[in-house]
Every structure is written in C-alpha cells, then in structure tokens.
Participant: 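I am attaching a structure below and will ask some questions about it afterwards.
For the single chain, residues carry numbers from 1 onward in sequence order.
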Amino acid sequence: MQAKTRKISINNDINDIEIVNVNGIYISKKRNKKEGEITMQEQAKKIVMEYFNSHVDKTDNKQITMNDVYVVWFSKTLQNWKALVSTTVSDGMYYEITHNGNENETYVDVYKKWENYTVKGE
C-alpha cells in the first residue's frame, strides 16, 4: 500500500517549515535560512539605515549602522509585510516600511514626531 502524503509549507522570517501528512501522521521539517539571505526585518532595518545615511546633514558627521536601527512592530500576512522602524538617533524620525509581495515592491513612509500628549476620557 502506497503512503498518502500532503505537504504544507509555512514561510516565516526565521526559517521555512514544511509539514508533511503521511497517512494521518504529521511530520514537520525545518529549513533554516540560507547563508546570505536576510530576513524581512533585517531588510526593513537596512532600508532605514541607508535612507538615514543618505539624508543626514553632512555637517552632523554622523552615519548609523544596523545596530542603531530597531524594529518597533512587525506583521506579515501572506506575501505582504509591514515594519515600523526607528533608530537610536534622537531626531524624532519614524519609518513605516511596507512590502507588497504581489508587485515585489517596498514602500517607505518617513515621519517626524512633532508632539506626544494625553487626552483624558470624559
């Protein structure tokens, strides 16, 4: 009797997981990311680092590295993902990185925080 198999692939930011159903028994296999591949969050951080370094005032004599960039929030749905990113630089800048997997395009929105205040409920 031949085994019935069904494969399900799950791709996430760290590794790929393949779940195989063999005659009702589920077996999972992991594939770690290949050397040289960068995660979606690393890609978002790299975009912000490159943007900052190309737009910083030359008189500031400041360049940042990936260690100066951090992801505040991240979400992935199907082939699309979004990251809210900031840096350790006290400039009030905030970055929204959105990847459209259908078009294989990444959109960058750059924001400046003007104010933070509380509104009390009535």
Participant: Do V85 and Y94 share a hydrophobic cluster, counting only Ile, Leu, Val, Met, Phe, Trp and Tyr and linking them when any side-chain heavy atoms are less than 4.5 Å apart?
Facilitator: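 V85 and Y94: separate clusters.
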Participant: So Y95 and Y51, side chain to side chain contact (heavy atoms under 4.5 Å, CB included) or not? Walk me through it.
Facilitator: CA-CA 10 Å; Y95 306 86; Y51 176 87; 3.6 Å; yes
Participant: Report yes if the side chains of H99 and M40 come closer than 4.5 Å at any heavy-atom pair, otherwise no.
Facilitator: no
Participant: Hey, quick one: are Y111 and L84 part of the same hydrophobic cluster, counting side-chain heavy atoms closer than 4.5 Å, chains of contacts allowed?
Facilitator: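 Looking at the clustering, L84 is in the same group as Y111.
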Participant: Do Y70 and M66 share a hydrophobic cluster, counting only Ile, Leu, Val, Met, Phe, Trp and Tyr and linking them when any side-chain heavy atoms are less than 4.5 Å apart?
Facilitator: no
Participant: Is there side-chain contact between F74 and K82, with heavy atoms separated by less than 4.5 Å?
Facilitator: no
Participant: What is the distance from atom OG1 of T98 to atom CH2 of W81, rounded to the nearest 0.5 Å?
Facilitator: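 With rounding to 0.5 Å, OG1 (T98) is 8.0 Å from CH2 (W81).
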Participant: Is it true that K46 and E42 have a side-chain N and a carboxylate O under 4.0 angstrom from each other?
Facilitator: no
Participant: Among side-chain atoms of E105 and Y107, is any donor-acceptor pair under 3.5 angstrom?
Facilitator: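 Side chains of E105 and Y107: pair found under 3.5 Å.
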Participant: Can you check whether N80's main-chain N or O pairs, donor with acceptor, with T77's side chain at less than 3.5 Å?
Facilitator: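 It does not hold such a pair.
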Participant: Find the distance between OG (S86) and NZ (K45) and round it off to the nearest 0.5 Å.
Facilitator: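 Going from OG on S86 over to NZ on K45, the span is 12.0 Å.
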Participant: Is there side-chain contact between E96 and W73, with heavy atoms separated by less than 4.5 Å?
Facilitator: no
Participant: Are any non-hydrogen side-chain atoms of T106 and Q43 less than 4.5 angstrom apart?
Facilitator: yes
Participant: Is there side-chain contact between M93 and T87, with heavy atoms separated by less than 4.5 Å?
Facilitator: no
Participant: Under the side chain to side chain contact (heavy atoms under 4.5 Å, CB included) rule, what do I97 and V48 come out as? Steps first, then yes or no, please.
Facilitator: CA-CA 8 Å; I97 314 299; V48 170; 3.9 Å; yes
Participant: Do H55 and V110 come within less than 4.5 Å of each other through their side chains, counting heavy atoms only?
Facilitator: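 Not in contact.
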Participant: Should V71 and M49 be counted in the same cluster of Ile, Leu, Val, Met, Phe, Trp and Tyr side chains packed under 4.5 Å apart?
Facilitator: yes
Participant: Using 0.5 Å steps for rounding, measure from the NZ atom of K58 to the CD atom of Q63.
Facilitator: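 If I round to the nearest 0.5 Å, the distance is 6.5 Å.
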Participant: Run F52 and V69 through side chain to side chain contact (heavy atoms under 4.5 Å, CB included) and show every step you take.
Facilitator: CA-CA 10 Å; F52 179 92; V69 183; over 6 Å; no
Participant: Could you check Q79 against N102 for side chain to side chain contact (heavy atoms under 4.5 Å, CB included), going step by step and ending with a plain yes or no?
Facilitator: CA-CA 7 Å; Q79 68 278 9; N102 292 331; 2.3 Å; yes
Participant: Do V108 and I47 come close enough that some side-chain heavy atom pair is under 4.5 Å?
Facilitator: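 Heavy-atom side-chain distance check passes, below 4.5 Å.
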Participant: May I ask you to decide if D91's main-chain N or O and K112's side chain share a donor-acceptor pair within less than 3.5 Å?
Facilitator: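 Checked: pair present.
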Participant: Do the side chain of K76 and the main chain of L78 share a donor and acceptor less than 3.5 angstrom apart?
Facilitator: yes
Participant: Is it the case that atom CG in D57 sees more than 12 heavy atoms from other parts of the structure closer than 6.0 Å?
Facilitator: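 Buried by this count: over 12 neighbours within 6.0 Å.
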Participant: Could you tell me whether a side-chain N or O of D68 sits under 3.5 Å from a main-chain N or O of T65, the two making a donor and an acceptor?
Facilitator: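 Present.
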